[in-house]
Structure formats: C-alpha cells, structure tokens
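This report concerns only the one structure given below.
Bear in mind that the values here come from a model prediction, so they are computed numbers and not experimental data.
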Amino acid sequence: MTDSHHSATHDPDAVAKVRDLVKDERTCMFTTIGPDGSIVSRPMATQEVEFDGDLWFFAEASSPKVAEVQADPRVNIGYAGGSSWVSVSGTAEVVRDAAKNKELWNPFAEAWFAKGPEDPEVVLLKVHGESAEYWDSPGGRVASVIALVKAKVTGDKPDVGDNETVQL
C-alpha cells in the first residue's frame with residue numbers, strides 16, 4: 001500500500017472515491033476529545049445522506065459525546081469495510097433542528113429514540129469533514145495476504161491497494 005499521508009489533494013474523483021467507500025458502511029467509530037484531553041471512541045450509525053464531506057449522526061442532547069463536541073469540536077470518524085478503511089477528520093457541531101431530524105429519521109433512529117424526532121433530547125451531530133484518508137484493497141483480505149506472501153518470496157514491497165489523503 002502506498003502512503004500518501006502528507007500529500008493531500010482536493011480532487012473531485014478522490015472525494016467520489018471516499019463517498020463510494022463509506023456509502024454502504026452504516027456503523028463507524030466516532031472519536032471525540034474527552035474533558036480530560038483523552039481520546040474517546042464509540043460506535044455510531046451514520047445517517048443515510050449523500051456524502052459531500054459532511055456526515056450526520058443522531059445523539060442524545062445530554063450525552064457525554066454532545067458535551068465533548070461542544071467543548072472541543074475536533075472529531076475523527078473511522079470506517080472499516082471488508083476491503084477498505086476510511087478515516088475522516090474534521091469538526092462537529094450540535095444541530096437542534098426538528099425539521100432536519102424528521103428528514104433524516106429512520107427505523108435505526110426510532111430504535112434508539114422512542115419518543116420520535118421532535119423529542120427535544122434528540123439532536124444531530126453534523127461533522128464537517130476537512131480531510132479523509134483511505135486505504136482500499138481491491139479483492140479484500142485474501143488478495144492482501146497473497147500480495148504479502150508474494151512480497152516475502154520476491155523481496156519486493158507488497159502492493160496491497162491504494163492509500164490516499166483527500167482534502168474535502
């Protein structure tokens with residue numbers, strides 16, 4: 001896998017690649033900065049919205065994650081699929097908008113928030129993605145293992161897919 005961590009680009013095709021990699025991943029790890037400066041991650045469900053650099057999540061207004069976002073908006077969202085991984089870095093804001101809640105409401109949200117989208121305890125976290133780094137290994141883990149074995153035999157560096165950092 002090539003490492004282009006230091007050469008971020010704003011390329012519409014690269015943004016589209018990130019969109020393709022995250023579109024089918026419902027669950028991510030949502031990472032915030034805790035009150036003591038520690039890094040805190042928890043699984044969250046991404047709401048189905050066409051990825052344009054922003055990601056949306058439902059949350060309880062009184063939850064620690066909401067307090068953490070209000071105190072320090074820097075966040076990271078991590079996705080892991082069968083053959084790809086995506087890390088989105090950016091800032092989050094708490095959105096209190098009943099109309100937007102209704103627009104994004106779905107059975108997954110209903111399972112967590114039984115009082116419905118108009119409950120004042122239901123808020124949205126909107127993540128403004130600033131950059132994303134992805135690793136894509138076509139063929140999945142099996143292809144990666146084969147590439148690693150081949151590299152061991154030939155002494156060459158393994159080619160296990162693409163890695164790129166993208167400005168959003």
Side-chain angles (χ1 to χ4, degrees), residues 12-142 144 161-168:
D13 291 336
V15 174
K17 174 74 171 187
V18 172
R19 180 183 308 116
D20 288 343
L21 293 174
V22 302
K23 73 178 179 183
D24 295 326
E25 300 301 326
R26 294 263 328 139
T27 305
C28 67
M29 291 302 287
F30 189 105
T31 303
T32 57
I33 309 294
D36 62 356
S38 62
I39 296 172
V40 183
S41 296
R42 79 277 289 157
M44 290 191 64
T46 307
Q47 299 312 300
E48 292 184 37
V49 174
E50 179 79 16
F51 178 76
D52 61 1
D54 292 338
L55 299 163
W56 292 86
F57 304 88
F58 281 107
E60 274 186 64
S62 60
S63 68
K65 67 184 138 290
V66 168
E68 290 161 3
V69 163
Q70 289 172 325
D72 187 338
R74 295 176 296 163
V75 298
N76 185 271
I77 311 300
Y79 295 92
S83 64
S84 64
W85 300 265
V86 178
S87 173
V88 178
S89 297
T91 57
E93 68 173 303
V94 178
V95 176
R96 297 175 192 279
D97 181 340
K100 189 69 173 176
N101 286 4
K102 287 180 190 176
E103 175 189 332
L104 296 178
W105 201 252
N106 59 58
F108 295 104
E110 183 74 35
W112 286 99
F113 305 101
K115 293 182 181 177
E118 294 175 344
D119 180 353
E121 187 62 15
V122 176
V123 298
L124 287 161
L125 295 176
K126 180 180 183 182
V127 174
H128 304 282
E130 295 167 4
S131 67
E133 185 168 6
Y134 70 83
W135 300 263
D136 185 24
S137 180
R141 292 185 178 102
V142 172
S144 295
D162 299 322
N163 169 234
E164 188 170 343
T165 300
V166 179
Q167 292 301 313
L168 300 172

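- Using bins of under 30°, 30° to 60° and over 60° for the plane-to-plane angle, the ring pair Phe30/Phe57 lands in the perpendicular bin.
- Annotation: the span from Gln70 atom CD to Leu125 atom CG amounts to 9.0 Å, rounded to 0.5 Å.
- Other residues, nucleotides and ligands contribute at most 12 non-hydrogen atoms within 6.0 Å of the CZ atom of Arg74.
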**Prompt:** Which is it for Leu104 and Leu124 under the side-chain contact (heavy atoms from CB on, under 4.5 Å) test, yes or no, and what are the steps along the way?
**Reply:** CA-CA 9 Å; Leu104 296 178; Leu124 287 161; 4.0 Å; yes

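- Atoms CZ and OH, on Arg26 and Tyr79 in that order, are 9.5 Å from each other to the nearest 0.5 Å.
- Of all heavy-atom pairs spanning Ala14 and Tyr134, the tightest one is O-CE2, 4.5 Å.
- The two residues Arg96 and Pro120 make their nearest non-hydrogen contact at NH1-O, 4.3 Å.
- Evaluated for a salt bridge (Lys or Arg N to Asp or Glu O under 4.0 Å) with Lys126, the options Asp97, Asp52, Asp54 yield exactly one hit, Asp54.
- From Gln47, atom CD reaches atom CH2 of Trp105 across 9.0 Å, with rounding to the nearest 0.5 Å.
- Rounding to the nearest 0.5 angstrom, the gap separating the OG1 atom in Thr32 from the NZ atom in Lys65 is 8.5 Å.
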**Test log, rule side-chain contact (heavy atoms from CB on, under 4.5 Å), inputs Val66 and Glu60** = CA-CA 7 Å; Val66 168; Glu60 274 186 64; over 6 Å; no

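- Between the side chains of Glu118 and Asn101, no donor N or O sits under 3.5 Å from an acceptor N or O.
- Ser84 and Asp136 form no side-chain donor-acceptor contact under 3.5 Å, judged by distance and modelled atom types alone.
- By the 6.0 Å contact criterion, CD on Glu93 is enclosed, its count of non-hydrogen atoms from other residues, nucleotides or ligands being greater than 12.
- Taking every heavy atom of both residues into account, Val122 and Gly116 meet most closely at CG2-O, 3.7 Å.
- The aromatic rings of Phe58 and Phe113 sit tilted, their planes meeting at an angle between 30° and 60°.
- The two residues Glu25 and Ala80 make their nearest non-hydrogen contact at OE1-O, 3.5 Å.
- Heavy atoms only, all atoms of each residue included: Ser131 and Gln167 are closest at CB-NE2, 3.9 Å.
- Separating the OG1 atom in Thr91 from the CD atom in Glu130 is a distance of 5.0 Å, to the nearest 0.5 Å.
- Distance check, rounded to the nearest 0.5 Å: OG of Ser41 to CD1 of Ile77 gives 9.0 Å.
- Between Gly129 and Val88, the closest heavy-atom pair is CA-CG1, 3.9 Å.
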